[in-house]
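One structure is given below, encoded as structure tokens.
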Amino acid sequence: MITIIEKRTEKDPLAHIGENAGVCWNSDITDVEKNIKRGKSCIQSGHLRTAEYPTVEMIIEGYSARCIRELYTHIIGVTRLQDSTRYINFEDFAYYNPGSTEEQKEQIAKTMGDISENYGKLLELGMKKEDCANILPLGMHTKIVWKINLRGLMHFMNMRLCNRALKEIRTLAGEIKSKLSTYSDEWKWICDNYFVPSCKTIGYCTEEKCCGLMPKGLDGLKASIIEEYKKETAAN
Ligand SMILES: Cc1cc2nc3c(=O)[nH]c(=O)nc-3n(C[C@H](O)[C@H](O)[C@H](O)COP(=O)(O)OP(=O)(O)OC[C@H]3O[C@@H](n4cnc5c(N)ncnc54)[C@H](O)[C@@H]3O)c2cc1C
């Protein structure tokens, strides 16, 4: 679950960007509509230092430590805090179950149950929580407070909405996008136009194992443009 922290997350990122850019150009920054227009223009032009001013602060929970480990590879424009395995009793931890059949789900549930039981036994044997935590699995749920600026978030979305990204982090990225889409009209514009897989921003896929959503590499893009051209000329 994603909770956008409303008192820390602005509703008007475009106006904010436009206002700051207006200062640089000695423009009238009292007109909100003009600020929004200028903000959109900055993003469309790729003047992305401006996108480092708006920030989003959110609580992310119900995702696995493994998924959050992947999120932590994004280091630019980001700050985070995570629930403590030293101070919290994780005997009854929740976890992500990726099983696609009942048997698989049951096997995972059994394994998690065993870990939980052993965590409890270690506590009974007098071990500190911070030491018991060494047996906790990557699949366990964790909770973090994540702060990221708009520039970092656009990049995160480009990478993590990609079909080649891990399923769970794709779901996480999709949930953040969905929450921000309804947060304000300005966020909706950003979500619709910029929170997309990277192939949709450059016109081709850079992944070795392309999912087929867009042509693979520049050669693929060139071939698809020629195909389109052939179809157009054949139709005329
Ligand atoms: C499909 C997929 C598979 C992946 N597989 C693996 C894997 O097997 N193992 C693994 O470890 N990771 C893997 N990753 C994570 C990936 O390699 C990146 O670490 C992660 O996506 C963060 O990307 P980033 O560094 O661009 O993001 P950010 O940290 O947000 O950085 C943003 C941008 O800032 C610049 N930048 C960041 N750090 C520096 C720096 N130190 N010096 C100069 N410029 C910098 C770069 O231009 C970068 O793109 C995978 C990601 C995807 C989407």
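Both counts, for ligands and for their atoms, begin at 1 and track the order of listing. In this chain, residues are counted from 1 in sequence order.
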Under-4.0 Å protein heavy-atom contact, atom 6 (C) of ligand 1: no

Cluster overlap L172 with V145, hydrophobic side-chain contacts below 4.5 Å: no

For atom 1 (C) of ligand 1, the protein heavy atom that lies nearest, with its residue and separation: R164 O, 3.4 Å

Y194 and W189 aromatic ring geometry - parallel, tilted or perpendicular at 30°/60° bounds: tilted

4.0 Å protein heavy-atom contact status of atom 31 (O) of ligand 1, strictly under: yes

Option set R151, M154, R160, criterion heavy-atom distance to atom 50 (C) of ligand 1, minimum: R160

cation_pi(K11, Y183) dist<6.0 Å, angle<=45: yes

Heavy-atom protein neighbour under 4.0 angstrom from atom 3 (C) of ligand 1: no

Straight-line distance of I144 CD1 to L81 CG, nearest 0.5 Å: 9.0 Å

Heavy atom of protein inside 4.0 Å of atom 46 (C) of ligand 1, strictly below: no

Closest protein heavy atom to atom 29 (O) of ligand 1, given as residue, atom name and distance to 0.1 Å: I75 N, 2.7 Å

Per-atom contact, atom 9 (N) of ligand 1, protein heavy atoms, under 4.0 angstrom: no

Any non-hydrogen protein atom less than 4.0 Å away from atom 37 (C) of ligand 1: yes

Cation-pi geometry met for R66 and Y96 (6.0 Å, 45°): no

Protein heavy-atom partner closest to atom 35 (C) of ligand 1 - residue, atom, separation in Å: I76 CG1, 4.4 Å

E175 CD to R170 CZ distance, which is reported to the nearest 0.5 Å: 15.0 Å

Closest candidate by heavy atom, reference atom 24 (P) of ligand 1, pool R69, H155, M159: H155

Sub-4.0 Å protein heavy atom near atom 17 (O) of ligand 1: no

Under-4.0 Å protein heavy-atom contact, atom 42 (N) of ligand 1: no

Parallel, tilted or perpendicular, as decided by the 30° and 60° cut-offs, for the rings of F195 and W187: tilted

Within 6.0 Å of NZ in K34, more than 12 heavy atoms from elsewhere: no

Protein contact of atom 19 (O) of ligand 1 - nearest heavy atom, named by residue and atom, plus distance: T73 CB, 3.5 Å

Test log, rule salt bridge (charged side-chain N to carboxylate O under 4.0 Å, His left out), inputs K121 and E124: CA-CA 5 Å; K121 279 186 187 155; E124 277 170 29; over 6 Å; no

